[in-house]
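All residue numbers in this chain count up from 1 along the given sequence. None of these values were measured; they are calculated from a predicted model.
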Amino acid sequence: MTDITFRVHPSPVGEILIVATPEGLVTLHPFEGPLDAELARVATMLHALPVPDDEAGGDVDRQLDEYFEGERRDFDVELDWRLVNGFRRDALEAVRHIPYAETAGYGEVAIAAGSPGAARAVGTACATTPFSIVVPVHRVVRADGSLGEYGGRPELKRFLLDLERETAGELTVAIPPAPVGASASADDLDSEPVGAPQAADE
């Protein structure tokens with residue numbers, strides 16, 4: 001019997017898949033398409049099929065609701081990093097320190113992670129993170145300030161940033177984006193699907 005559990009939680013950016021182990025959240029990300037296909041992808045990465053559990057991830061559902069309602073700026077959750085290691089983890093740990101409603105460039109995150117010049121590797125870490133929203137990769141932007149593709153869903157990235165800035169009193173938030181299936185440009189640093197669980201680095 002597996003100790004990996006999951007549930008799906010609705011949100012303004014679509015259904016969010018929450019997968020947890022006894023150590024904490026192992027992946028949390030919005031998804032499109034059939035749930036079975038998404039679970040199969042997660043199972044491939046974890047070498048185990050998650051089982052449904054209405055309490056998977058503890059109170060992260062409440063924290064997500066509070067975030068989208070503008071009542072929460074930081075998440076208090078335990079993370080299971082088994083799908084991330086090496087510089088990818090260093091980069092994502094640095095991303096966690098980007099303040100709410102603010103942004104940082106890939107190069108700035110590389111410096112914070114201890115590897116100046118590794119901006120492209122930061123882009124890869126953000127694109128392949130198993131943790132969306134709770135690890136705010138949406139706050140990482142290009143050097144010129146443009147958002148980047150965010151796994152083919154730049155409107156989702158814009159919505160999250162606008163939500164935070166509206167909450168911080170900087171602008172009026174836009175209508176939540178509808179899911180789209182546009183492909184990201186191969187020239188973008190963040191050209192892989194954001195939130196799709198990836199195998200840990202060898």
Side-chain angles (χ1 to χ4, degrees), residues 5-21 23-32 35 38 42 50 52-81 83-84 89 91-105 108-109 112 122 125-141 147-180 190 193-197:
T5 59
F6 82 92
R7 61 173 153 159
V8 174
H9 187 66
S11 83
V13 296
E15 300 284 87
I16 294 177
L17 179 62
I18 300 167
V19 183
T21 72
E23 285 71 44
L25 293 175
V26 71
T27 183
L28 182 152
H29 60 277
F31 70 96
E32 299 178 276
L35 175 60
E38 197 65 25
V42 171
D53 184 340
D54 290 342
E55 297 183 359
D59 71 344
V60 69
D61 58 333
R62 176 181 59 79
Q63 294 189 42
L64 285 167
D65 289 344
E66 291 172 351
Y67 170 81
F68 285 114
E69 290 166 4
E71 298 173 356
R72 173 174 291 273
R73 300 192 177 199
D74 299 295
F75 288 89
D76 181 18
V77 294
E78 294 294 328
L79 300 179
D80 181 338
W81 292 90
L83 295 178
V84 186
R89 176 163 181 176
L92 294 178
E93 292 279 19
V95 167
R96 297 179 76 187
H97 294 288
I98 301 173
Y100 183 89
E102 297 184 20
T103 58
E108 293 175 291
V109 174
V122 170
C126 291
T128 60
T129 178
F131 308 114
S132 295
I133 305 174
V134 296
V135 174
V137 295
H138 58 276
R139 297 177 193 160
V140 185
V141 298
L147 296 186
E149 287 293 330
Y150 201 65
R153 297 186 66 185
E155 79 289 347
L156 192 157
K157 187 172 188 174
R158 168 59 67 191
F159 173 74
L160 294 174
L161 288 174
D162 284 354
L163 170 69
E164 294 182 2
R165 289 167 177 165
E166 189 274 339
T167 299
E170 297 178 15
L171 53 75
T172 301
V173 70
I175 296 172
V180 297
D190 50 353
V194 171

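Between F75 and Y67, the two ring planes are tilted [angle within 30° to 60°].
Taking 4.5 Å as the limit, some side-chain heavy atom of L163 sits within range of a side-chain heavy atom of F68. At least one side-chain heavy atom of L17 sits under 4.5 Å from a side-chain heavy atom of V42. At a threshold of 4.5 Å between non-hydrogen side-chain atoms, the residues T103 and L147 do not count as touching. Looking at heavy atoms from C-beta onward, P10 lies in side-chain contact with E15 at the 4.5 angstrom threshold. No side-chain heavy atom of P130 sits under 4.5 Å from any side-chain heavy atom of V26. With contacts defined as side-chain heavy-atom distances shorter than 4.5 Å, the pair V137/F131 does not qualify.
Residues H9 and S11 have side chains that never bring a donor and an acceptor to within less than 3.5 angstrom of each other.
Salt-bridge check for D59 with R62: passed, with a basic side-chain N closer than 4.0 Å to an acidic carboxylate O. Here E93 pairs with R96 in a salt bridge; the nearest charged N to carboxylate O distance falls below 4.0 Å. With respect to the salt-bridge test (charged N to carboxylate O, under 4.0 angstrom), the residues R72 and D65 do not qualify. E155 has no carboxylate O lying under 4.0 Å from a charged side-chain N of K157, or vice versa, which leaves the two without a salt bridge. Under the 4.0 Å criterion applied to side-chain N and carboxylate O atoms, R139 and E164 are assigned as salt-bridge partners.
Closest non-hydrogen pair, R153 versus V13, comes out as NH2-O, 3.6 Å. The shortest non-hydrogen separation linking G57 to A20 is N-CB, 3.5 Å. Closest non-hydrogen pair, G24 versus D80, comes out as O-CB, 3.8 Å.
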- Is there a side-chain contact (heavy atoms from CB on, under 4.5 Å) between I98 and V109 once you walk through the steps? CA-CA 9 Å; I98 301 173; V109 174; 4.2 Å; yes
- Could you please spell out the steps behind the side-chain contact (heavy atoms from CB on, under 4.5 Å) verdict for W81 and L92? CA-CA 10 Å; W81 292 90; L92 294 178; 3.9 Å; yes
- Under the side-chain contact (heavy atoms from CB on, under 4.5 Å) rule, what do V95 and V140 come out as? Steps first, then yes or no, please. CA-CA 8 Å; V95 167; V140 185; 3.8 Å; yes
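Within 6.0 Å of the CD atom in E78, the count of heavy atoms belonging to other residues, nucleotides or ligands does not exceed 12.
In this structure, E71 CD and T167 OG1 are separated by 9.5 Å, a value rounded to the nearest 0.5 Å. In this structure, the separation between CG on L64 and CD on E69 is 10.5 Å, given to the nearest 0.5 Å. With values rounded to the nearest 0.5 angstrom, L28 atom CG is found 5.0 Å from I18 atom CD1. Within the model, atoms CD of E32 and CG of L156 stand 8.5 Å from one another, a figure rounded to the nearest 0.5 Å. Here D53 contributes atom CG and F6 contributes atom CZ; the two are 9.5 Å apart, rounded to the nearest 0.5 Å. Atom CZ of R165 is separated from atom CG of L161 by 5.0 Å, given to the nearest 0.5 angstrom.
Distance alone, capped at 3.5 Å, places no donor-acceptor pair between the Q63 side chain and the V60 backbone.
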